[in-house]
Amino acid sequence: MQLLIKQRVFSWTDTYDVYDEYGNVRYFVKAEFFSLGHRLHVFDAAGNEIGLVRQKLLTFLPRFEIDSQGIFMGTIEKKFSMFRPRYDIDFMGWQAEGDFFGWDYDVYEGGSSVVHVRKKLLTWGDTYVIEFMNPSHEIPALLLVLAIDAVNCSDDKH
């Protein structure tokens with residue numbers, strides 16, 4: 001299974017549409033315009049909020065918390081690194097490895113790959129493909145990818 005995240009180019013805030021592999025709208029992501037720190041709200045196709053990615057303030061490097069339906073799921077924090085982006089991920093027991101800067105990485109649970117993420121090249125606006133086998137990983141994978149994107153965007157603004 002896969003999800004396709006497409007950034008809306010002409011928007012005042014970070015806004016994404018998320019499609020399934022058949023082109024059906026599955027989710028909608030909208031950042032708050034006026035907020036302290038980065039806050040991304042994730043809605044299903046019916047308009048129900050299913051997740052929140054929010055920046056923790058007063059940290060040296062970007063750090064984000066991830067909630068799903070009001071339940072805290074974990075954090076992701078950018079680590080200081082000279083050459084390659086590194087992250088401390090405390091989220092569902094998952095670890096991530098790969099080229100985060102180039103957006104080609106895998107997420108592992110207990111040594112087995114559960115999610116693969118890649119960035120599509122030559123597209124209008126950022127477009128990411130999330131591939132996963134277990135349907136129960138759909139929402140957590142989406143939230144984690146959005147959090148990693150938010151960490152990268154926040155780091156660029158520092």
Side-chain angles (χ1 to χ4, degrees), residues 1-21 24-79 85-98 100-101 103 105-109 114-120 125-158:
M1 291 188 252
Q2 72 178 10
L3 293 176
L4 183 72
I5 303 174
K6 292 188 61 88
Q7 181 181 30
R8 289 190 187 175
V9 178
F10 300 109
S11 178
W12 291 102
T13 63
D14 287 338
T15 305
Y16 303 90
D17 294 309
V18 182
Y19 303 91
D20 63 17
E21 63 256 35
N24 302 312
V25 174
R26 297 278 297 160
Y27 305 101
F28 172 78
V29 182
K30 180 88 172 153
E32 288 185 19
F33 189 67
F34 294 110
S35 71
L36 293 174
H38 212 105
R39 294 175 68 89
L40 295 172
H41 296 270
V42 182
F43 303 92
D44 64 16
N48 302 308
E49 186 169 357
I50 59 153
L52 173 67
V53 176
R54 68 178 174 279
Q55 185 175 11
K56 290 291 291 180
L57 300 177
L58 304 175
T59 59
F60 180 67
L61 292 171
R63 180 180 179 161
F64 284 79
E65 293 182 339
I66 303 168
D67 295 341
S68 179
Q69 298 177 339
I71 299 170
F72 175 77
M73 295 186 69
T75 62
I76 179 170
E77 182 176 10
K78 181 95 179 239
K79 290 294 186 188
R86 289 187 33 214
Y87 302 93
D88 182 16
I89 297 173
D90 180 11
F91 182 76
M92 296 183 52
W94 289 1
Q95 301 87 36
E97 294 179 8
F100 295 99
F101 193 68
W103 280 97
Y105 59 92
D106 290 291
V107 178
Y108 297 92
E109 180 177 40
V114 292
V115 178
H116 177 72
V117 180
R118 63 185 165 86
K119 185 174 184 175
K120 288 183 84 170
D126 289 337
T127 303
Y128 307 105
V129 178
I130 305 172
E131 297 172 353
F132 53 95
M133 295 299 293
N134 187 334
S136 69
H137 292 153
E138 182 173 334
I139 292 173
L142 173 62
L143 293 171
L144 181 62
V145 170
L146 292 169
I148 290 172
D149 183 57
V151 167
N152 286 333
C153 289
S154 293
D155 195 39
D156 291 343
K157 293 176 184 174
H158 277 101

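Quick caveat, the model's predicted, so the values are computed rather than measured. In this chain, numbering begins with 1 at the start of the sequence shown.
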side-chain contact (heavy atoms from CB on, under 4.5 Å) between Leu144 and Val115: does it pass, once the steps are laid out? CA-CA 10 Å; Leu144 181 62; Val115 178; over 6 Å; no

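- For the side chain to side chain contact (heavy atoms under 4.5 Å, CB included) test with Ile50, the passing option among Asp67, Asp44, Leu143 is Asp44; the others fail.
- Separation of atoms CD1 (Ile5) and OG1 (Thr127) is listed at 9.5 Å; rounding is to 0.5 Å.
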Starting from the C-alpha separation in whole Å, work towards a yes-or-no answer on side-chain contact (heavy atoms from CB on, under 4.5 Å) for Glu97 and Asp106. CA-CA 6 Å; Glu97 294 179 8; Asp106 290 291; 5.8 Å; no

Using the side-chain contact (heavy atoms from CB on, under 4.5 Å) rule, take Asp17 and Phe28 through it: C-alpha gap first, then chi angles, then the decisive distance, then the call. CA-CA 5 Å; Asp17 294 309; Phe28 172 78; 3.4 Å; yes

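- In this structure, Asp20 CG and Leu3 CG are separated by 7.5 Å, a value rounded to the nearest 0.5 Å.
- Leu40 is not listed as a side-chain neighbour of Phe64, based on a closest heavy-atom distance of 4.5 Å or more.
- Tyr105 approaches Ala96 most closely through the heavy-atom pair CD1-CB, 4.5 Å.
- Applying the salt bridge (Lys or Arg N to Asp or Glu O under 4.0 Å) rule to pairs touching residues 128-145 yields Arg26-Glu138, Arg118-Glu131, sequence neighbours excluded.
- Scanning for salt bridge (Lys or Arg N to Asp or Glu O under 4.0 Å) contacts around Asp90 gives an empty result, with sequence neighbours left out.
- Shortest non-hydrogen contact noted between Gln2 and Glu21 is O-OE1, 3.0 Å.
- We find the CZ-CG distance between Phe43 and Leu52 to be 9.0 Å, quoted to the nearest 0.5 Å.
- Checking Glu32, Lys30, Arg54 one by one against His41, the side-chain hydrogen bond (donor to acceptor under 3.5 Å, both in side chains) holds for a single residue, Glu32.
- With Gln55 contributing its side chain and His38 its backbone, the two residues share a donor-acceptor pair below 3.5 Å.
- The shortest non-hydrogen separation linking Ala45 to Val25 is CB-O, 3.7 Å.
- Interatomic distance, Glu65 CD to Met73 CE, rounded to the nearest 0.5 Å: 13.0 Å.
- In terms of the side-chain contact (heavy atoms from CB on, under 4.5 Å) criterion, Met133 has no residue partners (sequence neighbours excluded).
- Proximity of a side-chain donor or acceptor of Gln95 to a complementary backbone N or O of Gly93 within less than 3.5 Å is detected.
- Residues Pro140 and Trp94 approach most closely at CB-CH2, 3.8 Å, considering heavy atoms.
- Here the OH atom belonging to Tyr128 is positioned 4.0 Å from the CG atom belonging to Asp149, to the nearest 0.5 angstrom.
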Check step by step if side-chain contact (heavy atoms from CB on, under 4.5 Å) holds for Asn134 and Val114. CA-CA 8 Å; Asn134 187 334; Val114 292; over 6 Å; no

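- Note that the CG atom of Leu142 and the OH atom of Tyr27 stand 7.0 Å from one another [nearest 0.5 Å].
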